[in-house]
**Student:** 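Got a structure here, written out as structure tokens. Questions coming.
Owing to the predicted nature of the structure, the values given are computational and were not obtained by experimental measurement. Both counts, for ligands and for their atoms, begin at 1 and track the order of listing.
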Amino acid sequence: MNRLVQFATIAAFAAPALAQSAEWGQCGGQGWTGPTTCVAGTTCVFSNPYYSQCLPGTAVPTVTPTETPTPTPTSTPTTTAKPSSSSTATGTGGAAPTAVIGAATGPGLNKYAQAAGLKYFGSATDNPELTDQPYIAILSNTNEFGQITPGNSMKWDATEPTQNTFTFSGGDAILNLAKGNGQILRAHNLVWYSQLPSWVTSGSWTNATLTAAMTNHISNVAGHYKGEVYCWDAVNEPFNDDGTFRTDVFYNTIGQSYIATALQAARKADPNAKLYINDYNIEGPGAKSTAMINLVTSLKAQGVPIDGIGVQGHLIVGELPSGIEQNLAAFAALGVEVAITELDIRMTLPSTPALLAQQQKDYQTVVAACKAVSACVGITIWDYTDKYSWVPATFSGQGAACPWDANLGIKAAYNGILAGF
Ligand SMILES: *[C@@H]1O[C@H](CO)[C@@H](O)[C@H](O)[C@H]1NC(C)=O
């Protein structure tokens, strides 16, 4: 057991015994058995039904922990005074904020993202995690997260496992969590080469029959969530790393026009959802980013609806591409918004203080690049904790990619994100 894990464990078990919660500590919420009062100089502020937190200062809340909250899904989450605002409202002043390493929550990633002009800071989650109460308490804290992405339950294999038979229970559960918390939802995804049911990958298709099946999928799934989601990753990962189109069943059968057809069907199904094309290895300039620029330019020239480019951001500690800000600005110059949609920064295990410090810097670099580009609307981490990261199962020997450790304690990476804002 390393130091960090030890610290987090002690903090987690020590909290309920204390008479008062520390600054940034939890002080209420469903299932919370710890202290409900805060140390001097801080105030217990209601965040959502699952979470209240001790925030610096006294001149804050309009809602107290005992009041019944009214969910307001489309409104901005209640926050305390923004850190950049002058005045005496909070104790944060102008000093750079930092979180306590090992604590469950800190000054608030979503709060600081919004103060920096972004719409949200968010996290992916997945249905098996929804029963983990300490995990959900942090995910539901709108100081930390203003947005949620379902990791798997809106994908094709989950929503249409048999042709024209749709199941929405998994996706609905995550949408309802987000709505209950007052968080926006990035819906993910409609057309992708992976996690397809076998009836799609092994069907004998013609251009016309596959186009009809794809359009039917989109109109049913995006239609089910019509009016409920901020955006859709309408087309996911259409490119190979060299910038050529990925030769999946859609490209091979329909040709490049499957992308335009998918976007048009998604717009028809949910006219208010922003439509994104989402891909990885497009963080910095290069062949794949150029291909994305060419595709979006061509779609716009044809009048095809396209509102955003999703930059996944599955990165490696110490190996960030250069020119991230310049690349995001080049995307934005096409007249679309940009988002970092799946950020995590993995390392070869075991993690060391040096790797964690480099990871902190790397998170700061990515966040600062988004902040510097006004069309970069938000940042989503691909789950907030190493407990549920996809990395160890996908990249052998690698992990520790998230800003919270596997015990739900804050890592140095969190402070890199804050510093980036
Ligand atoms: C499939 O049909 C569409 C619509 O008619 C057409 O634009 C496209 O070129 C066709 N693809 C192929 C591979 O023939």
**Student:** With Phe250 as reference, evaluate Trp205, Phe245, Trp156, Tyr193 under the ring pair (Phe, Tyr, Trp, His ring centres under 6.0 Å) test and give the passing residue.
**Tutor:**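 The residue from Trp205, Phe245, Trp156, Tyr193 that satisfies ring pair (Phe, Tyr, Trp, His ring centres under 6.0 Å) with Phe250 turns out to be Trp156.
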**Student:** Might you check, step by step, whether the distance between atom 3 (C) of ligand 1 and some protein heavy atom is under 4.0 Å?
**Tutor:**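 Under the 4.0 Å cut-off, atom 3 (C) of ligand 1 does have protein heavy-atom neighbours.
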**Student:** If you apply the rule salt bridge (charged side-chain N to carboxylate O under 4.0 Å, His left out), what do you find for Lys288 with Asp242, and how did you get there?
**Tutor:** CA-CA 6 Å; Lys288 201 171 186 178; Asp242 67 0; over 6 Å; no
**Student:** Between Met154 and Ala187, what is the shortest heavy-atom contact and its length?
**Tutor:**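 Of all heavy-atom pairs spanning Met154 and Ala187, the closest is SD-CB, 3.9 Å.
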**Student:** Is there a donor-acceptor contact under 3.5 Å linking the side chains of Tyr276 and Glu337?
**Tutor:**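 Yes, because at least one side-chain N or O of Tyr276 sits under 3.5 Å from a partner of the opposite role on Glu337.
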**Student:** Is the closest N or O pair between Thr253 and ligand 1 shorter than 3.5 Å?
**Tutor:**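 So ligand 1 has no N or O lying under 3.5 Å from an N or O of Thr253.
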**Student:** Please write down residue, atom name and distance for the protein heavy atom closest to atom 7 (O) of ligand 1.
**Tutor:**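 So the nearest neighbour among protein heavy atoms is Ser257 OG, 3.9 Å.
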**Student:** List every atom of ligand 1 that sits less than 4.0 Å from any heavy atom of Ile254, numbering the atoms from 1 in the order shown and giving each element.
**Tutor:**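 Those atoms are 1 (C), 8 (C), 10 (C), 11 (N), 12 (C), 13 (C).
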**Student:** Which residue holds the protein heavy atom closest to atom 5 (O) of ligand 1, what is that atom called, and what is the gap in Å?
**Tutor:**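 I find the closest protein heavy atom is Asn207 ND2, 5.0 Å.
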**Student:** Closer than 4.0 Å and a protein heavy atom, does any atom meet both conditions relative to atom 11 (N) of ligand 1?
**Tutor:**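 Given the 4.0 Å limit, the answer for atom 11 (N) of ligand 1 is yes, a protein heavy atom qualifies.
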**Student:** What I want to know is whether Gly255 and ligand 1 share at least one N or O pair that is separated by under 3.5 angstrom.
**Tutor:**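 No; every N/O pair is 3.5 Å or more apart.
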**Student:** Mind telling me whether Phe168 and Phe166 have parallel, tilted or perpendicular rings, with 30° and 60° as the class edges?
**Tutor:**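 Parallel.
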**Student:** Does Asp233 pair with Lys155 as a salt bridge, N-O distance under 4.0 Å?
**Tutor:**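 Salt bridge absent between Asp233 and Lys155.
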